[in-house]
Amino acid sequence: MSTIKKQNRRTFLKVAAGTVATGAVAPWVWTPRMSQAALDVPASRYNHVIIINLDGGARSVPMFNGDLAPRWNPMGIQAGAAGTEWGVGMVFDPTPIADTTATFGTAMPSLPMISNEICVLGTMDHTPGAAVSISDHAGARNIISSGIPGGGPGLMSLIYAHQKNYIEGTAGLVFPPAMIGTGDATTPFGTPMGSIVPVLVPSFSEFTDQAGDDAGGQAEWARTFEAGLDEATANIRSARDRQLIERMSNGKSNVEAFRQVFLDPALRVADEPTAGVDLTNADLTAIMGNSLLGRNLSLALRFLQHGSAAVLVGDNGWDTHSNEAGAYSMSANNLGRAFAGLNFALKRMNHPEGGTYWDRTMVMVTSEFGRDNLMSSGYNSGGGSDHQGGPGSRFQALPYMGGLVGQGGRFFGQTDFTTMEPLQSEPIYGTTSHLATALAFLDINTEDIWPGIEPITDIF
């Protein structure tokens, strides 16, 4: 039986926050300085963010800004759902997904069928206003993961260090932010903030292996003995040392508490088909598919059900310098299935604070950059695409989805059909603002993290 609880979290034991790996807990609460833009974000400590990171630099334009010349989108464009402003790429399969019919009595809508529930920003730029863009992998990975060109604590560590459920405590178990995937572009999101780090899981299958050794369990007498030693030591030390010891002890308690998460059969998404709350793992397989991305996102949904504020899932295979057409189509359709599946699943998962997870979750995408160095055919001489800082790689088209994303179907940041340069008077969005939007959505004050950087409110 799953240990995911369907009751309101306020009915459970309060557990202080700490990191699974190190036993550290998050820092002191500060007095926030909130901008008007941040106040316009529908923030809540009970919101969640799912981030899909496309490792290698994804060619986002043919997916989410498809109404451009063939040089930029050689795959073509198709009609989306009524009210869709952004160019839905032909690369997405428009066919309803029949896998859900047996269980739910209906085929799951494909991404083109739900395009009016997805908002797209077409001019996401790492360095707005700069003469040149960041076009090397290392520099781009620094900024997409930390918001800082030179790098810094990763987004998932920042969430763990600042989100209220982690720093103030909350009734019930709150699982840390988690990262699934170990791609070179994904791991920087977990760069520590001091000793604070998210949970890192290489893949859904590796998570199952980690749970196989009793998840690091400890005999009750041993845990009680160790807690007693911590308390005795704290009582004879200075106030400052006592505080540090108490934080370490809280972290140890959380390791034991989170052990139950690792042992939950619902998180064995490929091996326990009947386990799960609201949706069984068999349901999730029908919805998300059995690709690596689909399985990893199924695990991400389970982490959300255990109280994680944010989960980031990495997806490899987007660095397509040659022979792009076949590999790109497969990757794009996996991503399309992921968006369609998350749309379908989140609406059927009950949130402990009321409503569904759809009502409290924002789905977003990151990647190092887009692609350029293209001939008129839309490809380079090797049948692929590069990243040299031209408009195709500089201005990414990034989608957002969720019940609080109030501008579904809208497109902000239009680009010229021929040159792909931003049209006059169109907004250009910054990558750091993109990250700030995720934090603000989780009710985190971003001013002390990135002073002067405003979250993006257009999508709401």
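Every value quoted in this text rests on a predicted model; they were computed, and no experiment measured them.
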* Output, in order, the C-alpha distance, side-chain angles, deciding distance and verdict of side-chain hydrogen bond (donor to acceptor under 3.5 Å, both in side chains) for Asp184 and His137. => CA-CA 9 Å; Asp184 290 340; His137 284 287; over 6 Å; no

* To do: Decide yes or no on side chain to side chain contact (heavy atoms under 4.5 Å, CB included) for Leu158 and Ile196, but give the supporting numbers first.
  => CA-CA 8 Å; Leu158 291 171; Ile196 298 171; over 6 Å; no

* To do: Please lay out, stage by stage, how Ile287 and Phe104 fare under the test side chain to side chain contact (heavy atoms under 4.5 Å, CB included).
  => CA-CA 10 Å; Ile287 294 168; Phe104 298 97; 3.9 Å; yes

* Checking salt bridge (Lys or Arg N to Asp or Glu O under 4.0 Å) for the pair Asp372/Arg71: CA distance, chi angles, key distance, verdict? -> CA-CA 9 Å; Asp372 60 10; Arg71 178 185 178 191; over 6 Å; no

* Show the numbers, then the answer: is there a side chain to side chain contact (heavy atoms under 4.5 Å, CB included) between Thr361 and Asn47? => CA-CA 6 Å; Thr361 302; Asn47 285 345; over 6 Å; no

* Asked: Given the rule in the side chain to side chain contact (heavy atoms under 4.5 Å, CB included) test, do Met420 and Leu68 qualify, once you have shown the distances and angles that lead to the verdict?
  -> CA-CA 7 Å; Met420 231 211 92; Leu68 294 175; 3.4 Å; yes

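The backbone N or O of Gly314 lies less than 3.5 Å from no partner atom in the side chain of Asp55, so there is not a single donor-acceptor pair. Using a distance-only test at 3.5 Å, with no hydrogens or angles considered, a donor-acceptor pair links the side chain of Thr84 to the main chain of Ala81. No donor-acceptor distance shorter than 3.5 angstrom exists from the side chain of Gln407 to the backbone of Ile459, with no hydrogens or angles considered. No donor-acceptor pair under 3.5 Å is formed between the side chain of Thr127 and the backbone N or O of Ala130. Proximity of a side-chain donor or acceptor of Asn281 to a complementary backbone N or O of Thr274 within less than 3.5 Å is not detected. Of the possible polar contacts, one joining the Asp416 side chain to the Thr418 backbone as a donor-acceptor pair under 3.5 Å is found. Formation of a donor-acceptor pair under 3.5 Å by the Ser308 side chain with backbone atoms of Leu304 is not found in this model. For Asn165 (side chain) and Arg45 (main-chain N/O), a donor-acceptor pair under 3.5 Å exists by modelled atom type. A donor-acceptor contact shorter than 3.5 Å links the side chain of Gln396 to the backbone of Ser367. At distances below 3.5 Å, at least one donor-acceptor pair connects side-chain atoms of Arg348 with backbone N or O atoms of Phe344.
The one candidate from Trp86, Tyr400, Phe411, Trp72 that meets the ring-ring contact (aromatic ring centres under 6.0 Å, His included) condition with Phe64 is Trp86. Residue Arg371 is tested with Ser393, Ser60, Ser385 for a side chain to side chain donor-acceptor pair (under 3.5 Å); the sole match is Ser385.
No donor-acceptor contact under 3.5 angstrom links the side chains of Ser133 and Arg394, judged on distance only. Looking at Asn333 and Asp93, their side chains never bring a donor and an acceptor atom within 3.5 Å of each other. Using modelled atom types, one finds a donor on one side chain and an acceptor on the other under 3.5 Å when comparing Thr431 with His126. Using a 3.5 Å distance cut-off with no hydrogens or angles, the side chains of Thr415 and Asn65 do pair a donor with an acceptor. The closest side-chain donor-acceptor pair between Asp264 and His306 falls under 3.5 angstrom. Side-chain contact, Asp443 with Gln163: no donor N or O sits under 3.5 Å from an acceptor N or O. With no hydrogens or angles considered, a side-chain donor-acceptor pair links Asp359 and Thr356 at under 3.5 Å. The closest side-chain donor-acceptor pair between Arg295 and Thr285 falls under 3.5 angstrom.
Looking at heavy atoms from C-beta onward, Pro42 lies in side-chain contact with Leu404 at the 4.5 angstrom threshold. Using a 4.5 Å cut-off on side-chain heavy atoms (C-beta onward), Thr280 and Leu284 make no contact. Side-chain contact between Val365 and Leu54: present, with at least one pair of heavy atoms (C-beta onward) separated by less than 4.5 Å. Thr366 has its side chain within reach of Ile51: a pair of non-hydrogen atoms, C-beta onward, lies under 4.5 Å apart. Between Leu301 and Leu342, some side-chain heavy-atom pair lies under the 4.5 Å cut-off. Here the side chains of Ser291 and Arg337 are not in contact, with every heavy-atom distance at 4.5 Å or above. Annotation: side chain of Ile134 is not in contact with side chain of Phe369 (no heavy-atom distance under 4.5 Å). The shortest distance between side-chain heavy atoms of Phe207 and Phe303 falls below 4.5 Å.
Nearest heavy atoms, Asn445 versus Ile449: O-CD1, 4.0 Å. The two residues Thr419 and Pro391 come nearest to each other via the heavy atoms O-CG, 3.4 Å. Between Ala270 and Phe204, the shortest heavy-atom distance links the atoms CB-CE1, 3.6 Å. The shortest non-hydrogen separation linking Ser145 to Leu435 is C-CD1, 4.2 Å. When all heavy atoms are compared, the tightest approach of Asn334 to Leu293 is O-CD2, 3.8 Å. Of all non-hydrogen atoms in Ile159 and Pro177, the two that sit nearest each other are CG2-CG, 3.9 Å.
Remark: Arg360 fails to qualify as a cation-pi partner of Phe441 under the 6.0 Å distance and 45° angle criteria applied to the six-membered ring. Arg59 forms a cation-pi arrangement with Tyr379, by the criterion of a distance under 6.0 Å to the ring centre and an angle within 45° of the ring axis.
For His48 and Tyr357, the distance between ring centers is under 6.0 angstrom. Taking the ring centroids of Tyr429 and Phe412, they lie at or beyond the 6.0 Å cut-off.
Here Asp99 contributes atom CG and Met288 contributes atom CE; the two are 12.0 Å apart, rounded to the nearest 0.5 Å. Distance check, rounded to the nearest 0.5 Å: OG1 of Thr446 to CG of Leu439 gives 7.0 Å. Rounded to the nearest 0.5 angstrom, Leu346 CG and Asp278 CG are separated by 11.5 Å. Taking CZ of Phe189 as the reference point, atom CG of Leu200 lies at 13.0 Å (rounded to 0.5 Å). Here Arg410 contributes atom CZ and Glu85 contributes atom CD; the two are 4.5 Å apart, rounded to the nearest 0.5 Å. For the atom pair Met193 CE and Ser146 OG, the distance stands at 12.0 Å (nearest 0.5 Å).
A salt bridge links Glu117 with Lys347: at least one charged nitrogen is closer than 4.0 Å to a carboxylate oxygen. Look at Asp136 and Arg141 and you find no salt bridge, because none of the NZ, NE, NH1 or NH2 atoms lies under 4.0 Å from a carboxylate O.
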